[in-house]
Amino acid sequence: MTTSDDPRRHIPRTDALLTVPEIDDARIRLGDTVVRTAIRDGQDAARRGEIAPDDVQQAVIDDLGTRRTSSVRPVLNGTGVVVHTNLGRAPLSSAALEAVTAAAGYVDVELDLETGARSRRGAATRAALLAACPAAGDALMVNNGAAALVLATTALAAGRAVVISRGEMIEIGAGFRLTDLIASTGARLAEVGTTNRTHLRDYADALGADDVGAILKVHPSNFRVQGFTSEATLSELRELADAHDVPLIADIGSGLLQPDALLPDEPDATTTLTAGADLVIASGDKLLGGPQAGLLLGDAALVGRLSRHPLARAVRADKLALAAMEATLTGPPPPVRLYLHADPAALRARTDKLGAALGCEVIAHDGRVGGGGAPGVPLPGWAIRLPETLAAPLRLGDPAVLTRVHDGSCLLDLRCIPESDDQRVAEAVSAARGAAGVP
Ligand SMILES: *Cc1c(COP(=O)(O)O)cnc(C)c1O
């Protein structure tokens, strides 16, 4: 029971709090429901005696100041893994970010403003892809790499066979296997060769024995078979494909459009098309450094056939992704490229400076390409060594910092953190030390 001198009688009422300018403004940013929840939380805290009734208003304002419009939390990637699958793969460039913001409202994604008539969706992105990969006769962007593969196998081989080497039947992550994906389209898998060796005659035998819709060559991006190995080359397969009038598809995975000298074993779309593939399939958010996307590049008639297939509508790219892809291709090098090619000397100077400021040891540390790309290729660099107990408070801090826990240490690699964030990293480490009671 509350009496007239009970302080709880002085808890501010909801309608009064809603007239406070800072709280009213928050309704525009966060919505009414979130604001009323924050108010209720503040009032409840006062009812429980945790805060004074006079402090409720400020508590609500402070609470609203920390709430985000989505639960997605930005993370500073201190792992040294450039394409970090669990951190959303490629971070967008500032140019792509600006394009996404511009594309968020009503836009001319399917309208020619000149004539007022309907236009081809994503025409500018297509042009940017063709400019970046002139070896392709046409280009189509869809939702992701897996969608590109499903579209290609459905349109070219549903009810028929897809010939694939047993050495290329990969699982791409979290239990998803490319072969299951292909089988789900209604195409039959004609597996040829063995895990370590597949010869041209294995493909030829399958083409002679089955009704084949396509030959599929997959880059086994996330593992390597070493030793007694052999595979049929694209140019050998090209001749076979011509002889049987069957399309040759190459799933290269990573999305490099041109060769990258740093990653000599990583296939790129230009070389793959030049070597004889009719169609290249790749992801947009791996080494290309763009938004989530699947790219289909190659023979104009084939790409046209795919873009007219009903399934193309089900896997079509979102306008935000189309805009981000165009800006990634035409703008400055995206973060993935910069981080991959970070100058080791510059990285060392930065790491030494931060290490000295924090009183920490700096050790040699190899970064990784990640995202299932270039397994085993080290990216020489440096890391600040912290006690392992700091990993959790760094992860839970604001900003959240993800480090690499290795050999009883917490390693902080600056490769994938913009230099402009070094001060925030230093503050995050200080806060984590405070939270963990570590000097
Ligand atoms: C990553 C990858 C895929 C899947 O692409 P998503 O964009 O993740 O759907 C398919 N094939 C290969 C070879 C890959 O590396």
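For ligands, and for the atoms within them, numbers begin at 1 and follow the listed sequence.
- In the vicinity of K286, heavy-atom distances shorter than 4.0 Å reach the ligand 1 atoms 1 (C), 2 (C), 3 (C), 14 (C), 15 (O).
- In the model, R404 has a side-chain atom that pairs as donor or acceptor with a side-chain atom of H365 under 3.5 Å.
- Residue-to-ligand polar distances keep V218 apart from ligand 1: every N/O pair is separated by 3.5 Å or more.
- Contact check on R350 versus D422 returns a salt bridge, with a Lys/Arg side-chain nitrogen under 4.0 Å from an Asp/Glu carboxylate oxygen.
- Heavy-atom separations between Q292 and ligand 1 are all 4.0 Å or longer.
- Between A146 and ligand 1, at least one pair of N/O atoms sits closer than 3.5 Å.
- Applying the side-chain hydrogen bond (donor to acceptor under 3.5 Å, both in side chains) test to residues at least two apart or on different chains, the pairs with a partner in residues 173-185 are E171-R177.
- For ligand 1 and G145, the ligand atoms under 4.0 Å from any heavy atom of the residue are 5 (O), 6 (P), 7 (O), 9 (O).
- D202 and R166 are not joined by a salt bridge, as no carboxylate oxygen comes within less than 4.0 angstrom of a charged side-chain nitrogen.
- Ligand 1 has no nitrogen or oxygen under 3.5 angstrom from a nitrogen or oxygen of D285.
- In terms of modelled atom types and a separation under 3.5 Å, the side chain of S283 and the main chain of K286 share no donor-acceptor contact.
- Note on residues 258-269: no pairs pass salt bridge (charged side-chain N to carboxylate O under 4.0 Å, His left out), not counting sequence neighbours.
- Expressed to the nearest 0.5 Å, how far OH of Y203 lies from CG of L248 amounts to 9.0 Å.
- Ranked by closest heavy atom to atom 13 (C) of ligand 1, the top entry among R89, H219, E168 is H219.
- Of all the atoms in ligand 1, the ones that sit under 4.0 Å from a non-hydrogen atom of S283 are 1 (C), 5 (O), 6 (P), 7 (O).
- Atoms of ligand 1 found under 4.0 Å from any heavy atom of G253, numbered from 1 in the order shown, are 12 (C), 13 (C), 14 (C), 15 (O).
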